[in-house]
Amino acid sequence: MTIFKSMQASIVGVLAELVNDGSLTLNAPMPSFVVEPPRDPSHGDLATNVAMILTKAAGKPPRAIAELLKPKLEALSNVIGVEIAGPGFINLRLKPEVWQDELKEILTRGLAYGDSDYGKRERVNVEFVSANPTGPMHAGHVRGAVLGDTLCNLMAKAGYDVTREYYLNDAGTQVDVLARTTFLRYREALGEDIGEIPAGLYPGEYLKDVGAALAKRDGAKWQGKDESEWLIPLRVFATSYILELIREDLALIGIRHDVFTNERELVENGTLDKAFKILEDKGLIYTGTLPPPKGKTMEDWEPVPLTLFRSSQFGDSTDRPLKKRDGVWAYIMPDIAYHYDKIQRGFGTMINVLGTDHGGYLDRIRPVVAAFSDGKARLDVIYNNIVKIFVNGVPVKLSKRSGNLITLREMVEQVGAGAVRFFMLTRAPESELEFDFAKVVEQTRDNPVFYVQYAHARCCSILRNAAELLPGQDLSAEALVGENISAIRSAEELALIRFLAGWSRAVEAAAAAREPHRVAFYLMDLAAQFHSLWNRGNDNAALRFIVPDDPALTRARLVLIKAVQTVIASGLAVMSCKPLEEMRNDRPEAA
RNA sequence: GCGCCCUUAGCUCAGUUGGAUAGAGCAGCUGCCUUCUAAGCAGCAGGUCAGAGGUUCGAAUCCUCUAGGGCGCGCCA
């Protein structure tokens with residue numbers, strides 16, 4: 001239980017007492033109030049809006065309610081001061097021991113500090129990446145991949161039961177194009193001169209490997225054969241080959257999906273037919289004619305009766321065709337069946353991470369999710385904006401056609417996996433993100449990756465130096481937990497502990513909002529506070545963490561350092577970034 | 001034409017789901033190194049939160065409208 005939650009519980013108890021003894025009457029259910037750190041530290045340790053929230057239910061002005069609560073709150077054992085401020089905030093000051101105990105809690109729980117039961121083990125399916133299996137991961141995929149994976153880490157830490165899923169589009173025409181290109185590269189591998197790759201096929205060099213692998217496995221088996229014979233086996237061969245590439249690429253940044261669902265399987269095992277029949281049985285399918293789309297001129301449009309789903313019954317702007325005029329399934333049908341499948345597997349909450357260029361996806365799928373689950377299951381989409389790539393400050397135009405693609409592998413090789421991941425989380429999902437290869441490795445204040453890692457490395461450095469100063473002493477977290485830390489009580493130190501204590505709140509809020517970038521910003525704030533405290537020792541040697549002639553004080557301060565290090569590491573773990581223990585040797589201008 | 005997203009300091013962006021005097025970095029100016037890592041820190045200056053209404057104890061945040069920008073909008077994939 002966090003300090004905030006336990007104070008909230010205490011306040012609920014106090015309110016119950018006031019209601020019991022008749023001094024407070026509530027004629028409405030109690031709305032939820034918050035206990036949080038005040039924005040201005042001079043306001044105390046904790047602030048609550050409970051008095052303002054209760055004005056309606058209690059029929060009294062906020063400050064009057066606050067006055068009722070004040071004496072009871074002052075009587076709480078951990079509280080040393082209560083002030084009523086502004087429109088009716090109640091500011092609480094706590095004994096320093098409360099915060100000192102929190103430091104020990106951090107050391108005891110280690111990386112698990114900040115874990116929460118907020119999600120109540122609810123099963124959540126997060127679908128992310130789901131790139132077409134036609135080539136390796138490139139810069140355009142990375143943001144969604146990192147966002148999705150970090151969201152999974154975050155939600156798991158916040159107490160959800162998370163499944164990471166990849167939907168493999170291995171049945172569409174793009175995969176046919178892949179098979180045809182593979183066939184060319186296969187002939188090439190067998191010694192044929194294939195010339196230029198024709199327009200409409202994939203020009204990428206990586207398919208040479210696929211062709212060569214096929215030649216190695218099957219020899220001349222397909223040479224001279226008709227497309228009808230090789231198309232399907234080559235599709236299977238090429239997609240599974242490339243999926244393997246994709247998995248290797250994702251592994252470079254620590255991403256591993258739990259479940260891969262194949263579109264082809266859904267088609268072959270009858271899930272599409274089954275999903276369609278269910279909609280039919282619910283009376284949601286009919287034959288009708290749609291009006292022409294507005295604001296867009298379509299030369300070949302003509303009104304034709306089609307098999308339609310009553311999507312508009314579920315809030316959609318129009319009904320949607322599920323079959324084309326020739327009776328073949330429309331493009332969205334596999335996606336519909338896929339979400340039916342997810343619901344069947346027991347997921348009440350589904351999250352898809354998509355680029356903003358998939359704008360209409362949610363509008364089309366949410367209605368079927370509502371139909372299949374009778375409104376019980378929920379689908380959310382996190383749309384992430386584009387990444388603009390810069391090399392030394394110069395924008396790089398990426399294009400599939402020209403083959404000018406920066407691969408995930410190249411990014412990792414140039415700046416490291418941790419830096420790629422962290423940097424992808426330095427903007428809210430809906431903001432455009434500039435990824436500058438030079439800036440990501442820059443060792444300055446305005447590079448957040450460096451700044452946070454530097455804070456962690458500084459903690460490690462202090463612990464190393466302390467170990468030298470205090471030879472033979474056990475400075476492990478287990479040993480430091482027993483230390484007397486009553487000396488950790490300066491305003492700056494307590495402020496830092498208050499911030500550390502907010503880690504769990506930050507995790508819950510970020511998970512609830514599905515905004516992993518908040519973890520990065522939390523760490524940047526924490527690093528700033530820590531660097532600031534560290535520098536106080538520059539002005540005043542007595543404030544340094546290591547005090548050579550006072551081993552006891554030094555050990556007490558090491559508890560704080562260890563706690564900072566732990567929370568940074570815990571946050572980096574959510575982002576799957578490896579914390580650095582030393583950065584000294586990386587100094588570029590070191591002569 | 002419709003839908004979604006965006007508009008916050010000169011620039012790039014946060015803003016803890018409605019809280020107290022709106023915050024960082026960069027750029028500009030002023031200080032701090034015989035150092036627990038100055039790769040850093042402290043301070044100054046910089047704002048009509050695009051605009052107009054509304055909701056309430058209280059709005060950058062929620063609602064409506066307007067302006068500007070991005071993305072999407074077929075029986076294509």
Q: Choose from B/A14, B/C57, B/C32 the nucleotide whose nearest atom is closest to any side-chain atom of A/P87.
A: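 Between B/A14, B/C57, B/C32, the one nearest the side chain of A/P87 would be B/C57.
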Q: Kindly check if the number of other-residue, nucleotide or ligand heavy atoms within 6.0 Å of NZ (A/K56) is above 12?
A: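 No, NZ of A/K56 has 12 or fewer neighbouring heavy atoms, counting only those of other groups under 6.0 Å.
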Q: Just compare B/A14, B/G19, B/G40 and give me whichever is closest to any side-chain atom of A/R427.
A: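 Taking heavy atoms from C-beta onward, the closest nucleotide is B/A14.
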Q: Which whole number of Å gives the distance between the P atom of B/U7 and that of B/C62?
A: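 Here B/U7 and B/C62 have their P atoms 11 Å from each other.
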Q: Check every atom of B/C75, B/G19, B/C71 against the side chain of A/P321 and return the nucleotide holding the closest atom.
A: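 Closest nucleotide among those given: B/C75.
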Q: Can you tell me the distance, in whole Å, between the CZ atom of A/R320 and the P atom of B/C2?
A: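 The answer, rounded to whole Å, is 17 Å.
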Q: Classify A/L290 by what it touches in the nucleic acid, base, sugar-phosphate, or nothing, heavy-atom distance under 4.0 Å.
A: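 Sugar-phosphate: the residue A/L290, judged by heavy atoms under 4.0 Å, touches backbone atoms but no base.
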Q: For the residue pair A/L523 and A/G571, what are the closest heavy atoms and their distance?
A: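 For A/L523 versus A/G571, the nearest heavy atoms are CD1-C, 3.7 Å.
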Q: From C-beta outward on A/R445, which listed nucleotide comes closest to its side chain: B/C41, B/C57, B/G15?
A: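 Among B/C41, B/C57, B/G15, the one nearest the side chain of A/R445 is B/C41.
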Q: Would the base of B/A77 count as contacting A/D176 through its side chain, where contact means a donor and an acceptor less than 3.5 Å apart?
A: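 Side chain to base: no pair present.
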Q: If the glycosidic angle is within 90 degrees of 0 it's syn, otherwise anti, so just tell me which one B/C33 is.
A: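 Syn, since the glycosidic angle lies within 90° of 0.
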Q: Would A/R310 and A/Y286 count as a cation-pi pair here, with the cationic atom under 6.0 angstrom from the ring centre and within 45° of the axis?
A: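 Here A/R310 passes the 6.0 Å and 45° test against A/Y286.
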Q: Would you please indicate if the ring centroids of A/F276 and A/F309 are separated by under 6.0 Å?
A: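 No, the ring centres sit 6.0 Å or more apart.
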Q: What's the gap between B/U8 and B/C2 when it is taken at their P atoms, as a whole Å value?
A: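 To the nearest whole Å, 25 Å.
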Q: Taking the side chain of A/V304 as its heavy atoms from C-beta onward, which of B/U37, B/C41, B/C75 lies nearest to it?
A: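 Nearest to the side-chain atoms of A/V304, counting from C-beta on, is B/C75.
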Q: Give one of base, sugar-phosphate or nothing for A/N91, where a contact means two heavy atoms less than 4.0 Å apart.
A: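 Here A/N91 touches the bases of the nucleic acid.
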Q: Heavy atoms from C-beta onward define the side chain here; which of B/C6, B/U37, B/C71 lies closest to that of A/E430?
A: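 Looking only at heavy atoms from C-beta outward on A/E430, the closest nucleotide is B/C6.
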Q: Could you work out which one of B/G25, B/G19, B/G40 sits closest to the side chain of A/H531?
A: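 Looking only at side-chain atoms, A/H531 lies closest to B/G40.
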Q: Which is true for A/F450 with a 4.0 Å heavy-atom rule: it touches a base, it touches only sugar-phosphate, or it touches nothing?
A: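 Base contact.
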Q: Determine the interatomic distance between C1' on B/G46 and the same-named atom on B/C4; round to the nearest Å.
A: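 Here B/G46 and B/C4 have their C1' atoms 34 Å from each other.
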Q: Does A/R458 qualify as a cation-pi partner of A/F530, given the criterion of NZ or CZ under 6.0 Å from the six-membered ring centre and within 45 degrees of its axis?
A: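 Judged by the rule (NZ or CZ under 6.0 Å from the ring centre, within 45° of its axis), A/R458 is not positioned above A/F530.
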Q: Output the single nucleotide from B/G40, B/U16, B/C57 whose closest atom is nearest the side chain of A/M52.
A: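 Ranking B/G40, B/U16, B/C57 by closest atom to the A/M52 side chain puts B/C57 first.
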Q: So what does A/N49 touch, heavy atoms closer than 4.0 Å: a base, only the sugar-phosphate, or nothing?
A: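 Result for A/N49 = base.
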Q: Just compare B/C76, B/G15, B/G40 and give me whichever is closest to any side-chain atom of A/R518.
A: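 Nearest to the side chain of A/R518 among the choices is B/G15.
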Q: What distance, rounded to whole Å, do you find between the two C1' atoms, one in B/C6 and one in B/U12?
A: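 Rounded to whole Å, the distance is 15 Å.
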Q: Stacking here means centres under 5.5 Å and planes under 30°; does A/W534 stack on B/G40?
A: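 By the stated criterion, A/W534 and B/G40 do not stack.
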Q: Do we see A/H43 stacking on the base of B/A20, given a limit of 5.5 Å between centres and 30° between planes?
A: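 Here the ring of A/H43 and the base of B/A20 are stacked, with centres under 5.5 Å and planes under 30°.
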Q: Can you check the distance between B/G47 and B/C11, where both ends of the measurement are the C1' atom (answer in whole Å)?
A: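 Rounded to whole Å, the distance is 15 Å.
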Q: A/A541 near the nucleic acid: base, sugar-phosphate alone, or nothing, with a heavy-atom cut-off under 4.0 Å?
A: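 Nothing, no nucleic acid heavy atom in range.
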Q: By nearest heavy atom, map A/A512 and A/L433 onto RNA chain B; which one lands nearer the 5' end?
A: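 First, find each residue's nearest nucleotide; the 5'-ward one identifies A/L433.
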Q: Sticking with atom P, work out how far B/C44 lies from B/A59, rounded to a whole angstrom.
A: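 Those two atoms are separated by 28 Å.
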Q: Pick the P atom in B/C26 and in B/G43, then give their distance to the nearest Å.
A: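 That atom pair is separated by 14 Å.
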Q: Under 4.0 Å between a side-chain N/O of A/R39 and OP1 or OP2 of B/A20, yes or no?
A: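 So the side chain of A/R39 is within the cut-off, an N or O lying under 4.0 Å from OP1 or OP2 of B/A20.
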Q: Determine the interplanar angle of the A/Y454 and A/F450 rings, folded into 0 to 90°, and report it as parallel if under 30°, tilted if 30 to 60°, perpendicular if over 60°.
A: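 Judged by the thresholds at 30° and 60°, the geometry between A/Y454 and A/F450 is parallel.
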Q: Just N and O in the side chain of A/T426: are any of them under 4.0 Å from OP1 or OP2 of B/U12?
A: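 A/T426 to B/U12 OP1/OP2: no side-chain N or O under 4.0 Å.
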Q: Any idea which of B/C75, B/U16, B/C13 is nearest the A/F521 side chain?
A: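 The nucleotide sitting nearest to the side chain is B/C13.
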Q: Would you say a side-chain N or O of A/K324 is under 4.0 Å from OP1 or OP2 of B/A77?
A: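 A/K324 to B/A77 OP1/OP2: side-chain N or O found under 4.0 Å.
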Q: Mind checking the C1' distance from B/G19 to B/A9? Whole angstroms is fine.
A: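 23 Å, rounded to whole Å.
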Q: Looking for any heavy atom pair under 4.0 Å, which part of the strands does A/A506 touch: base, sugar-phosphate only, or nothing?
A: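 Nothing, no nucleic acid heavy atom in range.
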Q: Taking the six-membered ring of A/W329 as reference, does the NZ or CZ atom of A/K324 fall below 6.0 Å from its centre and within a 45° cone about the axis?
A: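 So A/K324 doesn't make the cation-pi contact.
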Q: Report yes if at least one side-chain N or O of A/N465 is closer than 4.0 Å to OP1 or OP2 of B/U37; otherwise report no.
A: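 Indeed, a polar side-chain atom of A/N465 lies that close.
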